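To start, the structure under review is shown below, and the notes come after it.
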Amino acid sequence: MRPAPDRLIRQLPARAGVAIGYVVALIATTLLFRGLPADGRRAWLAWTSTNLENLGDHPLRSLVVSGLFSDGGLVGWALTAAVGLGVTNWALGNWRTAALIAGAHVGGTLISQGILAYRIAGGQAPVGDRSIVDVGPSYVVACALVAGALYGLGAQRLPAVVCFGLFAPNAFLGLPTLQVASVGHLCAVVFAVAVGWPLWRSGRPRVADPSPGSGAGTASAPVVSRSRLGLLR
């Protein structure tokens with residue numbers, strides 16, 4: 001039994017609100033960034049980058065804005081974000097999806113930049129790396145694609161798997177040299193697995209147990225999980 005189109009539309013705010021909101025914000029902020037003159041774009045990147053300098057000066061603002069625009073291609077990022085977040089959002093709901101991607105973005109940033117700070121202190125990386133450009137939606141996208149591939153509903157997982165297969169080859173190339181982006185991508189993937197699991201479990205529909213005092217020999221009506229009533233829970 002397939003859900004009626006009007007039912008799908010009614011469920012969009014609750015089951016895809018975060019995905020829609022994030023993709024719209026990504027497109028709008030990227031277009032705003034691209035509309036600035038060259039000096040303005042350089043200043044924007046310098047202020048929004050989640051590097052060690054900005055994390056020490058204005059951490060919250062740089063963490064929020066840095067993940068809402070791309071200084072590279074927009075179409076590819078918007079599409080992969082839509083796929084990953086769409087599948088994940090439909091499976092986990094709004095607040096779980098928001099918590100997952102926010103945690104992946106913040107965790108990936110802090111861990112990767114923390115490793116960089118340690119390497120700078122030990123003389124393994126130049127001091128100038130404290131002000132590197134570190135922006136983009138890639139930690140959010142990496143987390144969402146993995147979560148969608150693992151916890152999506154049925155065949156909805158397939159687009160997330162395909163998109164992650166396209167994303168992964170270049171996402172982890174810098175791991176042997178502990179490049180910031182590659183470390184952050186790995187952290188986002190680990191976060192999707194480790195935190196996505198309990199979030200997914202907490203959102204699964206519960207099947208009611210028969211009441212203890214119902215009496216032996218009395219046939220009780222079967223309880224059907226809501227997930228069996230169609231594609232949607």
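As the structure is a prediction and not an experimental result, all values here were calculated from the model. Residues take their numbers from the sequence shown, with the count starting at 1.
- Trp47 meets the ring pair (Phe, Tyr, Trp, His ring centres under 6.0 Å) test with His58; sequence neighbours excluded.
- Every residue two or more places apart in sequence or in another chain that forms a side chain to side chain contact (heavy atoms under 4.5 Å, CB included) with Ser112 is listed here: Tyr139, Val180, Val183.
- Taking the side chain as every heavy atom from C-beta outward, Ser131 and Leu52 never approach each other to under 4.5 Å.
- Without hydrogens or angle criteria, Thr29 side chain to Leu26 main chain gives no donor-acceptor distance under 3.5 Å.
- A distance of 9.0 Å separates NE2 in His105 from OG in Ser138, rounded to the nearest 0.5 Å.
- Minimum heavy-atom separation, Trp90 to Leu153: CD1-CD1, 3.7 Å.
- Listed by first and then second residue, the ring-ring contact (aromatic ring centres under 6.0 Å, His included) pairs involving residues 67-87 are Phe33-Phe69, Trp44-Phe69 (not counting sequence neighbours).
- Across Ile111 and Cys187, no two heavy atoms sit closer than the pair CG2-SG, 3.5 Å.
- The backbone N or O of Ser70 sits less than 3.5 Å from a side-chain atom of Thr30, completing a donor-acceptor pair.
- Distance CD1/Ile101 to OG1/Thr88: 9.0 Å, rounded to 0.5 Å.
- A distance-only check finds no donor-acceptor pair linking the side chain of Tyr22 to the backbone of Leu85 [under 3.5 Å].
- Under the 4.5 Å side-chain contact rule for hydrophobic residues, Val135 and Val64 do not share a cluster.
- Remark: Ala168 pairs with Phe164, Phe172 by the side chain to side chain contact (heavy atoms under 4.5 Å, CB included) rule, at least two apart or across chains.
- Within the 4.5 Å cutoff, the side chain of Val83 has no heavy atoms near those of the Val141 side chain.
- Here OG1 of Thr109 is found 7.0 Å from CG of Leu55. Values are rounded to the nearest 0.5 Å.
- Arg41 and Arg34 make their closest contact through NH1-O, 3.7 Å (heavy atoms, listed as atom of the first residue, atom of the second, distance).
- Under the ring pair (Phe, Tyr, Trp, His ring centres under 6.0 Å) criterion, Phe167 pairs with His185, sequence neighbours left out.
- No donor-acceptor pair closer than 3.5 Å links the side chain of Ser49 to the backbone N or O of Ala46.
- When all heavy atoms of Pro169 and Gly165 are compared, the closest pair comes out as CD-O, 3.0 Å.
- Grouping Ile, Leu, Val, Met, Phe, Trp and Tyr by side-chain contacts under 4.5 Å, direct or through others, puts Ile20 with Val24.
- With sequence neighbours excluded, the residues forming a salt bridge (charged side-chain N to carboxylate O under 4.0 Å, His left out) with Arg42 are Asp39, listed by chain and number.
- Taken together through direct or relayed side-chain contacts under 4.5 Å among Ile, Leu, Val, Met, Phe, Trp and Tyr, Leu68 and Leu32 form parts of separate hydrophobic clusters.
- The distance from the OG1 atom of Thr48 to the CG atom of Asp71 is 8.5 Å, given to the nearest 0.5 Å.
- Annotation: the span from Leu100 atom CG to Tyr151 atom OH amounts to 8.5 Å, rounded to 0.5 Å.
- Residues forming a side-chain hydrogen bond (donor to acceptor under 3.5 Å, both in side chains) with Asn170 (at least two apart in sequence, or on another chain): none.
- Applying the side chain to side chain contact (heavy atoms under 4.5 Å, CB included) criterion to Ala125, with sequence neighbours excluded, gives Leu116, Arg119, Ile120, Asp129.
- No continuous path of ILVMFWY side-chain contacts below 4.5 Å connects Leu60 to Val106, so the two sit in separate hydrophobic clusters.
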Donor-acceptor pairs under 3.5 angstrom involving side-chain atoms of residues 188-196: please list them, not counting sequence neighbours.
none

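- Pairs engaging residues 45-57 under the salt bridge (Lys or Arg N to Asp or Glu O under 4.0 Å) rule: Glu53-Arg130 [sequence neighbours left out].
- At least one side-chain heavy atom of Asn54 sits less than 4.5 Å from a side-chain heavy atom of Asn51.
- Partners of Asp134 according to the side-chain hydrogen bond (donor to acceptor under 3.5 Å, both in side chains) rule, which considers only residues two or more places apart in sequence or in another chain, are Thr50, Gln113.
- Taking each heavy atom of Ala19 and Asn89 in turn, the nearest pair found is N-OD1, 3.0 Å.
- Summarising the geometry of Ala149 relative to Val161, their closest heavy-atom pair is CB-CG2, 3.6 Å, with the distance given to 0.1 Å.
- To the nearest 0.5 Å, atoms OG (Ser182) and CG (Leu175) are separated by 5.0 Å.
- In this structure, Leu110 is not a member of the same hydrophobic cluster as Tyr118, with clusters built from ILVMFWY side-chain heavy atoms closer than 4.5 Å.
- Val146 and Leu186 fall within a single hydrophobic cluster, where Ile, Leu, Val, Met, Phe, Trp and Tyr are joined by side-chain heavy atoms under 4.5 Å apart, directly or via other members.
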